[in-house]
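We count ligands from 1, going down the list as the structure has it; atoms in each ligand are counted the same way. Quick caveat: nothing in here was measured; it's all calculated off a predicted structure.
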Amino acid sequence: MWVVYIFLFIIYLGYLGIALPAATAAGGVVYAIGLPIAYLRGLGRVLATRPRDLPAPPRWPQPPADGDPALLQYFYGPARADAEHAVRVAYRSCQELWEMGGDLISDSFEADDATWFTWPLGVGGAIGLAVGSLAGGLIVGVLAVIHLLVVAIFAILVRVLGTALRVVDTAMLRVKNVKMVCPHCYERVPYPAYDCPSATCDKRHRDVRPGKYGIVRRRCQCGTPMNTLLLLGSSKMPAFCPHRGCEHSLEHRPGEAPEIVLPFFGATGAGKTRLLYSMVTQLQAWTDKGQLKAEFGDSSTARELDVAGTLMRSGASTIGTSIELPRASVIRLSLKKGTRILQLYDAAGERFYDTDRTEELRYLNKARTFILVIDPLSVEAFWLQLPAGIQEELRPVRSAAPSPDLAYQQTHQQIEAMGVPLKKARLAIVFSRSDLIGTLDGDVTEWARTELGLGNLIRSTMQNFREVRYFRTAAIMESDGSVDSSIAELMRWVMAREGVQLPGGTP
Ligand SMILES: Nc1nc2c(ncn2[C@@H]2O[C@H](COP(=O)(O)OP(=O)(O)OP(=O)(O)O)[C@@H](O)[C@H]2O)c(=O)[nH]1
Ligand SMILES: [Mg+2]
Ligand SMILES: [Zn+2]
Ligand SMILES: [Zn+2]
């Protein structure tokens, strides 16, 4: 009988010899492979499939409260949150795997009659679970490090790319000489703000440049994608002034073309507005002839200047400009050699009599060319030497302004106080009403010095500005419907330094 027991015992030992290592191996393989698979599945569920039963992420990065209404770029927070989420989801799956193993192991000791048969499987399985978990955990660790490394590398690359794009965009603006100015608040616009292009969303994005909300594109909170850079076509979206308190619409689509800020100054009734109107009419005449294309840059300019041509044609008088702070008239000038955005600032003459009012004209320090308008009839010395009959005739059109020196000195000081390097600035001094005072053969400067007695003013302008040129203009329409040629001459000089060659004149 004992032979049978010995035989059975040997068989049992044999069974143990096979079952224990086999169960260990099986457990080891299951856990060594199962844990990484659980991790990869977790990653896949979080990053790709996102099934409905996926638990919510433990935390999700919130964009700053004072930031733009856009979603965070993936590598500016969400990627890290996703990695953490994937680890948690994977850990849950691993726990399930362990619980399953644990159940099997404990069952193997509670199999009633069969325990003698199942316990080696349990013990082997437990050893396998331990060893396999160690190996699987190691593999998971390596995978997680690789994942985090990839996330980190992308996060760095994305930041580098964003910075590079910003630099290129800024460089492009500089090369194209694009410096933007708000025609409403006169502030420099480092970059326009943009409204979400979706028709149903009114969210405004203050700074769309590459950064935490996106590199090449960003997504508005409403889901609509937007371009991040002028370089990439953001100028097609409705633009706004980014300065708080202004935020006016910048209808002229800033950012594509250089802007030319052109302030007119001079005493009340000197002829600033009429000069502006005649310049606009001249631009329209060139447009009609197909020599260039001038269009109003925004609706308020169109509203204000639509009358210019009609008024010039009718010969009617312009009316005095209101004392309110002026808004620039914006004209988009397209020429063969590129486009320019003209910002013409026509303030009322009273603005140039005292510091407080001139100070408010903060556009003055954005300009490099200035136009001073003087009514020669307002100069007492000139007026007095006119024959009585002519005085009688011209009295109604003579402006009752103080001497031209006042507006000049006042504005000159203000421009200087605003930090404009006058040695880089140009000044056009325009004597209006040349149609009323007869033609002049000689030099305008000489005439201003001798006949108008403006020697001091001339000396001061020559000393202070890099370039000064004197003009006599007749802001009127000839009988053939063309604007007096003096206007085009002035415009050619003003625009030449801005790299714009206007039609006519000597090339
Ligand atoms: N004939 C003629 N009239 C001119 C000329 N320039 C201006 N005027 C007239 O002079 C008057 C004053 O001209 P404005 O252009 O309105 O003067 P302003 O400098 O804008 O004056 P404020 O807006 O009050 O500062 C108007 O009646 C104009 O029609 C010109 O070259 N020839
Ligand atoms: Mg005016
Ligand atoms: Zn503004
Ligand atoms: Zn939106």
Point-to-point distance, once rounded to the nearest 0.5 Å, from CG of L229 to CZ of R218: 10.0 Å

Contacting atoms of ligand 1, where contact means under 4.0 angstrom from a heavy atom of T321: 20 (O), 22 (P), 23 (O), 24 (O)

G266 to ligand 1, any heavy atom closer than 4.0 Å: no

Separation between CZ of R206 and SG of C241, rounded to the nearest 0.5 Å: 9.0 Å

Distance (rounded to the nearest 0.5 Å) between R188 CZ and E259 CD: 8.5 Å

Ring centre gap for W447 and Y470 strictly below 6.0 Å: no

S317 and ligand 1 - part of the residue with a heavy-atom distance under 4.0 Å: both

Sum of protein N, O or S atoms, each under 2.8 Å from the Zn ion (ligand 3): 4

Subset of ligand 1 atoms that lie under 4.0 Å from at least one heavy atom of T473: 31 (O)

Atom indices of ligand 1 within 4.0 angstrom of A475 heavy atoms, with elements: 30 (C), 31 (O)

T268 N/O under 3.5 Å from ligand 1 N/O: no

Structural part of D375 in contact with ligand 1, heavy atom criterion under 4.0 angstrom: neither

Salt bridge (charged side-chain N to carboxylate O under 4.0 Å, His left out): pairs with one or both residues in residues 422-433, sequence neighbours excluded: D375-R433, R426-E467

Numbered atoms and elements of ligand 1 in range of A348, under 4.0 angstrom, heavy atoms: 25 (O)

N or O pair under 3.5 Å between G349 and ligand 1: yes

Per-atom contacts, ligand 1 versus A474 - under 4.0 Å to a heavy atom: 31 (O)

Distance filter under 4.0 Å to D435 heavy atoms, resulting ligand 1 atoms: 1 (N), 2 (C), 30 (C), 31 (O), 32 (N)

side-chain hydrogen bond (donor to acceptor under 3.5 Å, both in side chains) between S460 and N464, intermediate numbers included: CA-CA 6 Å; S460 168; N464 290 303; 3.2 Å; yes

Six-ring centre of F296, R332 cation under 6.0 angstrom, axis tolerance 45°: no

Scan the side chains in residues 168-175 for donor-acceptor partners under 3.5 Å anywhere in the protein, sequence neighbours excluded, and list what turns up.
from: D169; atom 1: OD1; to: L231; atom 2: N; distance (Å): 3.0
from: D169; atom 1: OD2; to: Y191; atom 2: OH; distance (Å): 2.7
from: T170; atom 1: OG1; to: R166; atom 2: O; distance (Å): 2.7

Check: Y186 ring centre within less than 6.0 Å of Y345 ring centre: yes

Residue and atom names of protein N/O/S atoms that fall under 2.8 Å from the Mg ion (ligand 2): T273 OG1, T321 OG1

